[in-house]
Enquirer: 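My structure is below; once you've seen it, I'll send some questions.
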Amino acid sequence: MQSDQPHVALLPSAGMGHLTPFLRLATLLVRQHCRVTLVTTHPTVSLSESRLVSQFLSAFPQVTQLPFHLLPLDRSTANSTDPFYLQFETIRRSAHLLSPLLATLSPPLHALISDVSLISSVIPVTETLHLPYYLLFTSSARMFAFFSFFPTFASKAGDDPATFGDVKIPGCTPITRSSFPPSLLIPDNLFGKIFKDDGREVNKLNGFLVNTFEGLEAETLEALNGGKVLKGLPSVFPVGPFPPFEFERGDCGDQLKWLDDQPAGSVVYVSFGSRTAMSRDQIREVGDGLITSGCRFLWVVKDKKVDKEEEEGLDEVVGLELMERMKAKGLVVKKWVDQPQILGHSSVGGFVSHCGWNSVIEAAWHGVPILAWPQIGDQKINAELVKASGLGMWVTSWGWAEEVVVKGDEIGERIREMMGSELLRGQAARIREEARKAFGDGGSVGITFKQLIEEWKASN
Ligand code: UDP
Ligand code: UDP
């Protein structure tokens with residue numbers, strides 16, 4: 001370890017969609033010879049999180065683990081039922097315990113990089129410690145523009161969700177009310193409260209790292225860094241695309257073996273990420289749709305938000321009869337899969353995705369076209385970008401999860417459309433090239449990290 005390299009602590013919040021990019025960032029920092037401390041919160045919400053942290057720490061013994069034991073949360077004081085949002089709040093209410101933990105680290109830290117949803121609770125800590133504070137924003141630059149502009153927008157609308165209209169963020173394509181994360185439209189919701197409390201404080205940070213690249217989000221990055229979105233906004237560093245790394249590899253031999261036997265580009269991969277459970281009715285329509293599409297498919301079924309609660313098997317969740325009918329052309333699983341390896345397999349030609357940001361970037365990395373089916377949160381805002389960039393298509397009438405049950409016939413038709421589209425394939429391949437160029441020698445990722453490292457060194 002070179003002694004003049006900066007020491008950076010990383011503080012992810014909750015959920016695989018947050019932990020994964022943090023660990024990819026940690027890997028990139030280690031490769032840049034930074035000293036890295038990973039703050040691990042205990043307990044975690046899902047088993048996948050604790051498993052991935054262990055895999056990461058075994059792969060990188062040079063990374064220091066800083067265990068952070070959370071105070072129990074009185075649930076009656078937090079207005080949400082979502083276990084991940086509740087964990088955000090648990091971390092927020094424990095944040096004051098971080099000061100003594102971080103202060104004891106040796107050599108002293110040059111910067112702290114935390115997750116979104118923790119900002120306003122972490123600022124007192126970084127201020128006390130005189131520590132430069134950065135954010136790794138785990139969604140798109142477009143979502144970040146929305147997030148940083150939202151307090152201005154909401155206060156003009158009297159902070160009353162009922163009166164919110166579409167939002168015109170300077171320099172960005174407008175975002176309609178129907179694309180707002182639904183929790184923001186529920187008065188006094190925990191997510192909305194955190195979102196606004198944090199958004200108001202963005203100008204107090206030193207900078208923002210976003211897992212994106214010019215080839216995907218040039219317009220928004222320019223609006224953010226050109227001071228159009230918010231005056232005085234600290235720099236936004238496009239540090240993506242983060243590629244998947246070796247430490248994440250999971251056991252997916254069965255799926256890869258099955259994929260090996262399918263023709264190139266013939267399989268549609270269907271997954272809605274790590275924390276979206278579909279209704280049973282919708283699950284059955286998806287199954288019907290896959291059969292109707294006539295395509296080969298690899299479908300990951302999820303029945304519960306948190307993996308610890310998954311109890312019932314596929315026969316119960318999907319139904320025996322449908323499982324039987326799907327055998328001819330598909331592989332259906334109900335467990336954690338190694339998505340990056342699946343998307344990188346040459347048999348996969350399309351991805352039905354909820355548009356969690358990591359999934360979008362992984363699809364871009366592998367040049368796999370997306371059929372966007374946003375379910376919650378930031379996913380419509382990401383889906384707009386998937387469509388506008390040419391990486392995929394989006395059927396807006398499908399709405400949010402649970403607003404409507406989308407019928408199998410329609411799902412099948414749209415899957416056929418995506419899988420048959422030369423245009424989408426060409427566009428996705430072009431985006432893949434851009435992604436590889438950004439990450440490759442002399443690309444923007446290396447340049448941006450150098451810039452950040454210089455900034456951290458200068459801060460000490
Ligand atoms: N993922 C995976 N296997 C699964 C489900 C998810 O590898 O069975 C990974 C996926 O590749 C991505 C992350 O988990 O890196 C999910 O993050 P994303 O932002 O796509 O969605 P979220 O799960 O946060 O909704
Ligand atoms: N988000 C935010 N501020 C918050 C909480 C969330 O800006 O306080 C954004 C962020 O872009 C995040 C998205 O909302 O990625 C959705 O958050 P959530 O944790 O629900 O979804 P996940 O990223 O786990 O799919």
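When a ligand or atom number is given, it counts from 1 through the structure's own listing order.
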Enquirer: I want to confirm something. Looking only at heavy atoms, which of Asp307, Ile342, Ile361, Asn358 is nearest to atom 19 (O) of ligand 1?
Expert: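 The option holding the nearest heavy atom is Asn358.
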Enquirer: Any atom of ligand 1 sitting under 4.0 Å from a heavy atom of His354?
Expert: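 His354 counts as a contact of ligand 1 under the 4.0 Å cut-off.
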Enquirer: Output yes when the distance from some N or O of ligand 1 to some N or O of Gln339 is under 3.5 Å, and no in every other case.
Expert: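 Min N/O separation from ligand 1 is below 3.5 Å for Gln339.
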Enquirer: What part of Glu362, side chain from CB on, backbone N/CA/C/O, both or neither, has a heavy atom under 4.0 Å from ligand 1?
Expert: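 Side chain only.
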Enquirer: Do Thr212 and Glu217 have side-chain N/O donor and acceptor atoms under 3.5 Å apart?
Expert: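 Side-chain D/A pair, Thr212 to Glu217: present.
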Enquirer: Check side-chain hydrogen bond (donor to acceptor under 3.5 Å, both in side chains) between Gln255 and all other residues, then give those that pass, not counting sequence neighbours.
Expert: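 With sequence neighbours excluded, Gln255 shows a side-chain hydrogen bond (donor to acceptor under 3.5 Å, both in side chains) to no residue whatsoever.
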Enquirer: What do you reckon, does Val337 put a non-hydrogen atom under 4.0 Å from ligand 1?
Expert: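 Per 4.0 Å heavy-atom rule, Val337 contacts ligand 1.
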Enquirer: Examine the proximity of ligand 1 to Trp357 and report which part, side chain or backbone, both or neither, has a heavy atom under 4.0 Å away.
Expert: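 Backbone only.
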Enquirer: Walk me through whether Ser347 and Arg296 qualify under side-chain hydrogen bond (donor to acceptor under 3.5 Å, both in side chains).
Expert: CA-CA 10 Å; Ser347 297; Arg296 294 158 202 267; over 6 Å; no
Enquirer: Any nitrogen or oxygen of Thr20, main chain or side chain, under 3.5 Å from a nitrogen or oxygen of ligand 1?
Expert: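 For ligand 1, there is no N or O atom that lies under 3.5 Å from one belonging to Thr20.
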Enquirer: For atom 23 (O) of ligand 1, tell me which residue out of Ser274, Ser48, Ala363 has the closest non-hydrogen atom.
Expert: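 Answer by nearest heavy atom: Ser274.
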Enquirer: Are Arg432 and Trp365 in a cation-pi setup, meaning NZ or CZ lies under 6.0 angstrom from the ring centre and within 45 degrees of the ring axis?
Expert: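 No; the conditions do not both hold, so Arg432 does not lie above the ring face of Trp365.
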Enquirer: With heavy-atom distances below 4.0 Å as the criterion, list the atoms of ligand 1 near Gly17.
Expert: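 Listed by number with element, the hits are 17 (O), 24 (O).
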Enquirer: Anything under 30° is parallel, anything over 60° is perpendicular, the rest tilted; go ahead and classify Phe272 against His354.
Expert: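 Rings of Phe272 and His354: perpendicular, as their planes differ by over 60°.
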Enquirer: Just jot down the side-chain hydrogen bond (donor to acceptor under 3.5 Å, both in side chains) partners of Arg325, sequence neighbours excluded, or say none.
Expert: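 Once residues adjacent in sequence are excluded, the partners of Arg325 under the side-chain hydrogen bond (donor to acceptor under 3.5 Å, both in side chains) criterion are Asp288, Glu321.
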Enquirer: To the nearest 0.5 Å, tell me how far Leu70 CG sits from His42 NE2.
Expert: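 Rounded to the nearest 0.5 Å, the CG-NE2 separation comes out at 8.5 Å.
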